[in-house]
Amino acid sequence: LKKAQYNEGVQAKIDETLQEETAAQDAEEAAAEATLAASDTLDAAAETSEAVGAVVALIDAGAGAQEVKEAIEEAQEAAAEAAAAADEVQEMAEESALAASATEEMAVDEDEPVVEEIAEDAVDAGENAADAAALVSEEADSVAAELSQVLDLVQAGDLASAKAQALEAQEVAEEAVDEANAALEDASDAEDAADAITEMLDEKIAEEEAKMYQPLRAKAL
């Protein structure tokens with residue numbers, strides 16, 4: 001009976017750790033999706049920045065309104081892609097931070113200071129990635145709106161104001177690239193932290209399982 005009770009106790013511990021590991025895996029999967037989306041965001045943000053640069057160059061060269069319009073539409077399309085990808089980063093990074101937070105709470109209950117600390121890092125990284133992605137989305141929308149004003153100015157023949165506005169849009173587009181880069185780094189950090197937790201909990205489960213089989217082996221002998 002004692003052996004059966006002992007095994008039940010060990011099994012309960014294993015079950016708790018498995019729950020914790022599931023939360024860590026959820027955090028890792030969401031962070032991996034956020035990382036992929038952040039990579040797409042960075043590509044689209046860089047494309048936007050280049051496209052806005054092309055608009056500035058066309059205005060400088062005294063290109064016709066139609067040519068400038070086409071270049072602006074191209075830049076706006078890239079900005080829309082960057083905003084959409086950034087929204088996805090924000091959603092997945094927030095999801096990752098929530099799951100990492102659940103892991104952290106369980107680690108506190110289980111008195112696992114190392115897991116708790118890494119989970120805290122995962123939460124921070126997920127939240128930071130979400131914040132950076134939200135900025136990218138705002139900046140991409142802002143670039144698209146500014147470019148519409150640039151087109152109005154070009155069509156009105158006010159090229160000096162059009163160029164000034166386009167340079168402003170370019171500055172915002174470059175900020176979006178920086179933020180997209182930050183989002184990518186943070187999402188990747190969140191993924192790494194959650195992965196480290198999963199590995200640690202795997203080891204813990206293996207250790208607990210080894211404890212469980214000892215009394216069974218003793219009985220068999």
Scanning both residues in full, the closest heavy-atom pair of A166 with V52 reads O-CG1, 3.7 Å

Can I get a per-line list of side-chain donor-acceptor pairs under 3.5 Å for residues 55-66, giving both atom names and the distance, sequence neighbours left out?
unit_1, atom_1, unit_2, atom_2, d
D60, OD1, K163, NZ, 3.0
Q66, NE2, E70, OE2, 3.2

Taken to the nearest 0.5 Å, the spacing of D131 CG from E127 CD works out to 7.5 Å

Can you confirm whether E77 is buried at CD, in the sense that more than 12 heavy atoms of other residues, nucleotides or ligands lie under 6.0 Å from that atom?
no

Have Q11 and D15 got a donor and an acceptor in their side chains that come within less than 3.5 Å?
yes

Same hydrophobic cluster for Y6 and I205, using side-chain heavy-atom links shorter than 4.5 Å among ILVMFWY?
yes

Side-chain donor-acceptor distances from residues 87-111 under 3.5 Å, at least two apart:
unit_1, atom_1, unit_2, atom_2, d
D87, OD1, S137, OG, 2.8
Q90, NE2, E94, OE2, 3.4
S96, OG, A27, O, 2.8
T103, OG1, A24, N, 3.3
T103, OG1, A99, O, 2.9

Distance (rounded to the nearest 0.5 Å) between D43 CG and E47 CD
8.0 Å

Got D121 and D189 here, is their nearest side-chain heavy-atom distance under 4.5 Å?
no

Partner set under side chain to side chain contact (heavy atoms under 4.5 Å, CB included) for N181, not counting sequence neighbours:
L42, E185

Check whether more than 12 heavy atoms from other residues, nucleotides or ligands sit under 6.0 Å from atom CD of E175, and answer yes or no.
yes

Between E20 and E112, is any pair of side-chain heavy atoms under 4.5 Å apart?
yes

With a 3.5 Å cut-off and sequence neighbours excluded, list the donor-acceptor pairs that the side chains of residues 144-160 form with protein atoms.
unit_1, atom_1, unit_2, atom_2, d
E146, OE1, A169, N, 3.0
S148, OG, Q76, NE2, 3.0
S148, OG, A144, O, 3.4
Q149, OE1, Q165, NE2, 2.9
D158, OD1, S161, N, 3.2
D158, OD1, S161, OG, 3.1
D158, OD2, S161, OG, 2.7

Look up atom CD in Q19 and atom OG1 in T22, then write down how far apart they are to the nearest 0.5 Å.
7.5 Å

Contact summary for T198 and E28, nearest pair of heavy atoms
OG1-OE1, 3.5 Å

For the pair E207 and K204, evaluate salt bridge (Lys or Arg N to Asp or Glu O under 4.0 Å) and give the outcome as yes or no after the intermediate values.
CA-CA 5 Å; E207 281 166 20; K204 187 184 172 187; over 6 Å; no

What residues form a side chain to side chain contact (heavy atoms under 4.5 Å, CB included) with E174, not counting sequence neighbours?
S49, Q170

Heavy atoms only: give me the nearest M200-I118 pair and the separation to one decimal.
SD-CD1, 3.6 Å

Among the clusters formed by ILVMFWY side chains lying less than 4.5 Å apart, do I197 and V123 turn up in the same one?
no

Residues in side chain to side chain contact (heavy atoms under 4.5 Å, CB included) with T35, at least two apart?
L184, A187, S188, E191

Give the minimum heavy-atom separation between A82 and T41, together with the two atoms involved.
O-CG2, 3.8 Å

Drop me the distance from E199's CD to D202's CG, to the nearest 0.5 angstrom.
7.5 Å

For A180 against V136, the heavy-atom pair lying closest together:
N-CG2, 3.4 Å

